[in-house]
Amino acid sequence: MAPTIAAPITNSSEITDFIISKGNGVKGLSEMGLKSLPKEYIQPLEERMSMSQIMPQESIPIIDMSSWEDDPNVAESICNAAVKWGFFQITNHGVPIEVLESVKEATHRFFGLPAEEKRKFLKENSPSNNVRFGTSFTPEAEKALEWKDYLSLFYVSEDEASALWPPVCRDQVLEYMKSSEAVIKRLLEALMKRLNVKEIDEMKESVLMGSKRINLNYYPTCPNPELTVGVGRHSDVSTLTILLQDDIGGLYVKGDNDRWIHVPPVSGSLVINVGDALQIMSNGRYKSIEHRVVANGSKNRISVPIFVNPRPCDMIGPFPEVLEGGEEAAYKQVLYSDYVKHFFSKAHDGKNTVEFAKI
Ligand code: OGA
Ligand code: NI
């Protein structure tokens, strides 16, 4: 549908009004066909990515999970990857390809809705805090905006989701969440075993995966993609993140010497990364690695991360099993909701969030 814009947008308050308050997002801006990037999106030099920072020869592990049950090497590879890279891709993970395809289609359907429809899910209009349509990361706290729109869904219950989530994507997102449950449990079981945690009892289950947030991310085509970012440098605050990306590419993970490694789209795969909560609970054995998304000059990209989190009311800290041998705790006990609040109170700033829990 053609956007209904009478005149070009020229000043700052018009931009904010159009993108944020009117619910057009950067997608709306992109579709106006503007020739140059509005200044609000121009990132300082140190936040942009240059070719010289990329390590084209490196890649994160790709782990085939098909022989999970009989082959201990699979669990071994998962733990090694979580220690060394904090990031890996999995194939043959048991989530049906049709489920992945439907959730990608559902994402395009949601962002394809007219602004009037999406606007209903803006912070100030949404019937619930658990459903939020927005743009950038925390526009109020950012000096430069990020070239991304999103729908963020915090899962409470099937009933709540049925009542409140946008009908154009609700069922597909729920299905994706449900069918990824088994692989999430397997990954966590393997990772816990290496930490000497033999069994995931009710308390551990709550603190590892007691709540879930699913984001639908839309990164529209960007004029001057080299001047801005899709998502700035950050680490996730989750236990684990399960990310479905389409075939466009643009996600980079931090490697050695401040250089960046591309996560190439692998058809049918899921990208897994360790989040801060797991780094803290493992006392730093598993690494929550910084990552970022570049903007794209010719294509629209989507991604759908599931953030597997502690419950907001859980205290998180290094597990006693990890400290058994006399290892000193590097992190204190913090209330998970305080940790998350801290993350959202500032712009993306690399790995700084975790300082909040350091002793
Ligand atoms: C995120 C994230 C990566 C991507 O949403 O936290 O890192 O590829 N997304 O969209
Ligand atoms: Ni992330």
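Both ligands and their constituent atoms are indexed starting at 1 by order of listing.
- Panel note: side chain Asp71, backbone Asn73; a donor-acceptor pair is recorded below 3.5 Å.
- Protein N/O/S atoms nearer than 2.8 Å to the Ni ion (ligand 2) total 3.
- Enumerated by chain and number, the residues approaching ligand 1 to less than 4.0 Å through a heavy atom are Asn217, Tyr219, His234, Asp236, Leu243, Leu251, His291, Val293, Arg301, Ser303, Pro305, Phe307.
- Evaluation of the side-chain hydrogen bond (donor to acceptor under 3.5 Å, both in side chains) rule for Lys84 yields no partner, not counting sequence neighbours.
- Side-chain atoms of Asn24 come within 3.5 Å of backbone atoms of Phe18 as a donor-acceptor pair (strictly under, hydrogens ignored).
- To the nearest 0.5 Å, atom CG of residue Leu145 and atom CD1 of residue Ile19 are 7.0 Å apart.
- Between His234 and Phe343, the ring-plane angle classifies as tilted under the 30° and 60° cut-offs.
- Note that OG1 of Thr353 is 9.5 Å distant from CD of Glu290, once rounded to the nearest 0.5 Å.
- By the side-chain hydrogen bond (donor to acceptor under 3.5 Å, both in side chains) test, Asp149 pairs with Thr135, sequence neighbours left out.
- Residues Phe111 and Tyr219 keep their aromatic ring centres 6.0 Å or farther apart.
- Of the possible polar contacts, none joining the Arg233 side chain to the Arg292 backbone as a donor-acceptor pair under 3.5 Å is found.
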